[in-house]
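Positions are given from 1, in the same order as the sequence printed here.
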Amino acid sequence: MPAGPGAEIRRLLQDIYVQELVLSLYRVYAARLRDAGGRRLIENYLAAETDRRQRIEKYLSGHGTPASPAVRFLFAAAGNAYGRATSVLGTRVMLRIALSASRRASRQACARLADPANPELVYLSTLRARNEGELLDALSQHLIDTAARRG
């Protein structure tokens, strides 16, 4: 993607829309998880990412480019539908889906840190990398700790 202010705005808008999908999906999971520890991890992530989204929205509105409510609604509806469909597969599957998504997202967030074009954008990428990394580490450990023991 080309560098510059227009590219930064597009990247942040894309981030908001994809985040809308993920947060909607995780809200469904948080409501349906039977595992209190896993639910707490997802809820902590939701709170951290909601804060980051508010920072992005403030940045975008300061540049005269708010996110489209219609597009956000479409992504939220898709996340909600996917969450409902996959939640019937059970708690462990929901946690593994969150783990897999966080693994990809943390790699992407860390890759964006290599582009120090704007200190505010670096900070937003740092927040995302931290949030995704914390969820990834915590979910990995939680799945290990709660795995059925063979023996």
Side-chain angles (χ1 to χ4, degrees), residues 8-147:
E8 291 170 353
I9 297 298
R10 279 191 306 278
R11 189 165 59 186
L12 287 173
L13 286 170
Q14 289 170 352
D15 193 9
I16 286 279
Y17 301 140
V18 169
Q19 184 189 48
E20 197 68 50
L21 182 136
V22 171
L23 294 182
S24 295
L25 167 70
Y26 287 2
R27 280 187 203 103
V28 171
Y29 285 2
R32 295 184 179 195
L33 277 169
R34 292 186 189 112
D35 176 337
R39 181 177 40 253
R40 183 180 34 74
L41 296 174
I42 297 292
E43 288 170 345
N44 289 345
Y45 173 81
L46 284 168
E49 279 297 287
T50 298
D51 177 63
R52 190 177 71 85
R53 180 184 64 205
Q54 292 168 345
R55 291 172 186 270
I56 292 171
E57 288 170 340
K58 184 178 176 183
Y59 180 87
L60 289 171
S61 99
H63 286 81
T65 315
S68 164
V71 175
R72 286 179 69 168
F73 175 79
L74 290 173
F75 276 85
N80 196 340
Y82 184 74
R84 285 192 323 266
T86 57
S87 68
V88 300
L89 300 173
T91 294
R92 297 287 292 178
V93 172
M94 286 187 276
L95 292 174
R96 289 196 177 280
I97 289 170
L99 178 67
S100 176
S102 187
R103 186 173 289 126
R104 287 188 307 273
S106 63
R107 279 195 304 262
Q108 292 169 353
C110 289
R112 287 186 179 167
L113 292 174
D115 181 18
N118 180 325
E120 196 164 354
L121 296 179
V122 169
Y123 177 68
L124 291 170
S125 290
T126 302
L127 281 178
R128 177 146 190 221
R130 183 201 68 193
N131 295 344
E132 296 294 345
E134 286 179 0
L135 180 62
L136 177 63
D137 292 345
L139 275 178
S140 294
Q141 188 61 51
H142 182 71
L143 286 168
I144 290 167
D145 293 345
T146 59

Problem - Donor-acceptor under 3.5 Å (Arg34 side chain, Gly90 main chain) - result: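 Pair absent, no side-chain N/O of Arg34 close to backbone of Gly90.
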Practice task
Determine yes or no for a side-chain-to-main-chain donor-acceptor pair under 3.5 angstrom, with Thr146 supplying the side chain and His142 the backbone.
Solution key: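 At least one qualifying donor-acceptor pair exists.
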Handout entry: Partners passing side-chain contact (heavy atoms from CB on, under 4.5 Å) against Asp51 (at least two apart in sequence or in another chain)
Key =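 Here the qualifying residues are Gln54, Arg55.
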Practice task
Report the residues that fulfil side-chain contact (heavy atoms from CB on, under 4.5 Å) with Ala48, sequence neighbours left out, ordered by chain and then residue number.
Solution key: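 Counting only residues at least two positions away or on another chain, Ala48 forms a side-chain contact (heavy atoms from CB on, under 4.5 Å) with Arg130, Asn131.
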Exercise for the section: Check the pair Glu43 / Tyr26 against side chain to side chain donor-acceptor pair (under 3.5 Å), numbers first and verdict last. Expected result: CA-CA 8 Å; Glu43 288 170 345; Tyr26 287 2; over 6 Å; no
What pairs of donor and acceptor atoms, side-chain ones from residues 70-86 against any protein atom, are under 3.5 angstrom apart with sequence neighbours left out?
residue	atom	partner	partner atom	Å
Arg72	NE	Glu20	OE1	3.1
Arg72	NH1	Glu57	OE2	2.5
Arg72	NH2	Glu20	OE1	3.0
Arg72	NH2	Glu57	OE2	3.0
Asn80	OD1	Arg84	NH1	3.0
Thr86	OG1	Tyr29	OH	2.5
Thr86	OG1	Tyr82	O	2.8

Problem - side-chain contact (heavy atoms from CB on, under 4.5 Å) assessment of Met94 paired with Leu89 - result: CA-CA 7 Å; Met94 286 187 276; Leu89 300 173; over 6 Å; no
Handout entry: Nearest-0.5 Å distance, OG1 of residue Thr91 to CG of residue Leu143
Key =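 So the gap between those two atoms works out to 10.5 Å.
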Handout entry: Spacing of CG belonging to Leu12 relative to CZ belonging to Arg10, to within rounding of 0.5 Å
Key =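 Leu12 atom CG to Arg10 atom CZ measures 11.0 Å (nearest 0.5 Å).
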[X]: what forms a side-chain hydrogen bond (donor to acceptor under 3.5 Å, both in side chains) with it, not counting sequence neighbours?
X      : answer
Arg52  : Asp15, Glu49
Ser100 : Arg104
Ser24  : none

Problem - Given Thr65, Val18, Ile56, the one that forms side chain to side chain contact (heavy atoms under 4.5 Å, CB included) with Leu13 - result: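 That would be Thr65.
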Practice task
Could you tell me which non-hydrogen atom of Ala98 sits nearest to which non-hydrogen atom of Leu139, and how far apart they are?
Solution key: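 Smallest heavy-atom distance, with atoms named: CB-CD1, 3.7 Å.
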Problem - Student check: side-chain heavy atoms of Thr50 and Arg53 closer than 4.5 Å - result: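 They are in contact (side-chain heavy atoms under 4.5 Å apart), so the answer is yes.
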